[in-house]
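Heads up: the structure comes next, in structure tokens.
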Amino acid sequence: MYPELEQGLCTHCGTCLKICPVAEYREKKNPFNFGKYKVAGLHPKKGAGDFSECASAGFFYALACETVRHGGYVYGAVLSGKVKDGIMHVCGVTEEDILPMRNSKYVQSDLRGIFPVIKKQLLEHPEKNVLFSGTPCQCAGLHSYLGKDFKNLFCMDFVCHGVPSPLAFGKYIGWLEKRLKRPVRDYQFRCKKRGWNYKGRMSSIVKADRYYWPVVFDPYMMSFLKAKNYRESCYSCKFRGSERYSDITVGDFGGVREEHPEFFSKDGCSVMLVNSPKGMELFHLVEHNFECIDLTVEEICRYNPCIVESCRRPKERDDVYAKINILSGKDYVKKILSRNIVWKDIVLWYLPGRLTNCIRTVKRRLRRIESSKV
Ligand SMILES: Cc1cc2nc3c(=O)[nH]c(=O)nc-3n(C[C@H](O)[C@H](O)[C@H](O)COP(=O)(O)OP(=O)(O)OC[C@H]3O[C@@H](n4cnc5c(N)ncnc54)[C@H](O)[C@@H]3O)c2cc1C
């Protein structure tokens, strides 16, 4: 979906351009400084709760539970009733509502109708906190729409690679349903069945029949990891870098095994950057659930370059969307998406974890030596 002006209905008041975070980005006031208040790595403490369904350490889940326990509202992304329809943002007021919000969904979520409801809640219930969790651009959009800061609004974003269009996801699920000969009732983009580990051991699961699938065989996930199916705007994202519209930013703790092996936990390791005094309040609210280690922004960026720069747009991106409405689901997956499954990734998947990590470390060091020569 792209925004489009309906000339017949437009009254030329200019409001849409004023609140569009992209059009007016340079003039926007009060962005927060990335990691100004705290930068840390975290993993769940033993016995602190069940974070097994969370993407990494489960910081969002802990925060969301705490918010609803105090009577607040939580906004997060969930799978639509029909998986094929993609992801949408919903409001949660009980711990049960929070459960489907856990975990990363690698598709753009549908925010239709959400911002006006948030505004109404902020104005009518100043005593209740509203926690909004979304991509950096969604948090910027919300701030821009509201036009001013609310004491009871708390925003949390994550380090974002980019999001594919719901069209690509729907097409893929349609093909999967035909192949499995039944509807896909749930789809997890990543799971901790074999423990949390950055990339190598990540797997997705299709719960038509609790079907676990190594990520290297999942053509949708492989095109996501290789940055081939993002929305066009993600390749030149204006919401990366040091100015954020969120109080707190979380991400995967890439490089934890190499730089802090003693801190690694198979329950999931996150990085967390506190960007505002309100973010510090959020951190204090849930810190008792986590083991923490102090880090620096530079350390985090070394293993997560997309914090500051957009992913390179690969040439194959053209085909991913150009042919999506022409090809059948089978041809689309076979001819376009399956190109991303390569034997090297499959071999790496089957090698023991320690060996895979050694290979990655050697490759990274060689690359560093090469670039220092240049
Ligand atoms: C599209 C996408 C790209 C990402 N890219 C990177 C990356 O390159 N590097 C990195 O370090 N981390 C990345 N992450 C973040 C990472 O995967 C974890 O989400 C993050 O570490 C938070 O983990 P958690 O355990 O605290 O979250 P959980 O407790 O599991 O909660 C997940 C939270 O993410 C929100 N969410 C999930 N999917 C979406 C979506 N499509 N749109 C908006 N909100 C969503 C949920 O509402 C929920 O609030 C990405 C996440 C997404 C969704």
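Atoms within a ligand are numbered from 1 in the order they appear, just like the ligands themselves. Remember, predicted model here, so these are calculated numbers, not experimental data.
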Non-neighbouring partners of Asn152 that pass side-chain hydrogen bond (donor to acceptor under 3.5 Å, both in side chains), sequence neighbours left out: none

No-hydrogen, no-angle side-chain donor-acceptor test under 3.5 Å, Tyr187 and Asp218: yes

Within-shell test, Gly162 vs ligand 1, heavy atom, strictly < 4.0 Å: yes

Geometric N/O contact Val107 with ligand 1, under 3.5 angstrom: yes

Sub-3.5 Å N/O-N/O distance, His161 and ligand 1: yes

Lys NZ or Arg CZ of Arg231 over Tyr2 ring: under 6.0 Å, within 45°: yes

Distance filter under 4.0 Å to Asn304 heavy atoms, resulting ligand 1 atoms: 9 (N), 10 (C), 11 (O)

Residue portion contacting ligand 1 (non-hydrogen atoms closer than 4.0 Å) for Val163: side chain

His89 heavy atom under 4.0 Å from ligand 1: yes

4.0 Å heavy-atom contact, Gln138 with ligand 1: yes

Per atom 53 (C) of ligand 1, closest listed option by heavy atom (Tyr75, Phe158, Phe60, Phe253): Phe158

Nitrogen or oxygen of Gln108 less than 3.5 angstrom from that of ligand 1: no

Output field: ring centroids Tyr106/His161 closer than 6.0 Å: no

Which segment of Ala64 sits under 4.0 Å of ligand 1 when only heavy atoms are counted: neither

Contact (N/O only, under 3.5 Å) between Cys160 and ligand 1: no

Those atoms of ligand 1 less than 4.0 Å from some heavy atom in Ala57: 25 (O)

Parallel, tilted or perpendicular, as decided by the 30° and 60° cut-offs, for the rings of Phe263 and Phe253: tilted

No-hydrogen, no-angle side-chain donor-acceptor test under 3.5 Å, Ser242 and Asn33: no

Per-atom contacts, ligand 1 versus Gly76 - under 4.0 Å to a heavy atom: 47 (O)

Side chains of His284 and Glu287, donor plus acceptor under 3.5 Å: yes

Ligand 1 atoms in contact with Cys306 (distance to a heavy atom under 4.0 Å): 8 (O)

Student check: side-chain heavy atoms of Leu146 and Leu122 closer than 4.5 Å: yes

Near-ring test Phe132/Phe154, centroid separation under 6.0 angstrom: no

Any N or O of Val250 closer than 3.5 Å to N or O of ligand 1: no

Check: Tyr303/Glu258 side-chain N/O donor and acceptor closer than 3.5 Å: no

Polar atom proximity, Arg102 to ligand 1 (N or O, under 3.5 Å): no

Anything under 3.5 Å between a donor and an acceptor, one on a side chain of residues 67-81, the other on a protein residue two or more places apart or in another chain? List them.
unit_1, atom_1, unit_2, atom_2, d
Thr67, OG1, Leu63, O, 2.7
Arg69, NE, Glu95, OE2, 2.8
Arg69, NH1, Glu66, OE1, 3.0
His70, ND1, Glu66, O, 2.8
Tyr75, OH, Gln121, OE1, 2.6
Tyr75, OH, Gln121, NE2, 3.3
Ser80, OG, Gly86, O, 2.8

Sub-4.0 Å atoms of ligand 1 with respect to non-hydrogen atoms of Tyr61: 29 (O)

Option nearest atom 16 (C) of ligand 1 (shortest heavy-atom distance, choices Cys269, Ser104, Gly134, Gly86): Ser104

For Gly251, atoms of ligand 1 separated by under 4.0 Å from a heavy atom: 11 (O), 12 (N), 21 (O)

Close N or O approach (Thr135, ligand 1; < 3.5 Å): no

Residues His143 and Gln138: side-chain donor-acceptor under 3.5 angstrom: no

Donor-acceptor pair, side chain of Ser265 and main chain of His43, under 3.5 angstrom: no

Test log, rule salt bridge (charged side-chain N to carboxylate O under 4.0 Å, His left out), inputs Lys323 and Asp331: CA-CA 10 Å; Lys323 295 186 183 159; Asp331 282 348; over 6 Å; no

Enumerated ligand 1 atoms positioned under 4.0 Å from heavy atoms of Cys54: 25 (O), 29 (O), 30 (O)

Heavy-atom gap Ile87 to ligand 1 smaller than 4.0 Å: no

Asn103 neighbourhood, listing ligand 1 atoms whose heavy-atom distance to it stays under 4.0 Å: 28 (P), 30 (O), 31 (O), 32 (C), 37 (C)

Min N/O separation Ala55 to ligand 1 under 3.5 Å: yes

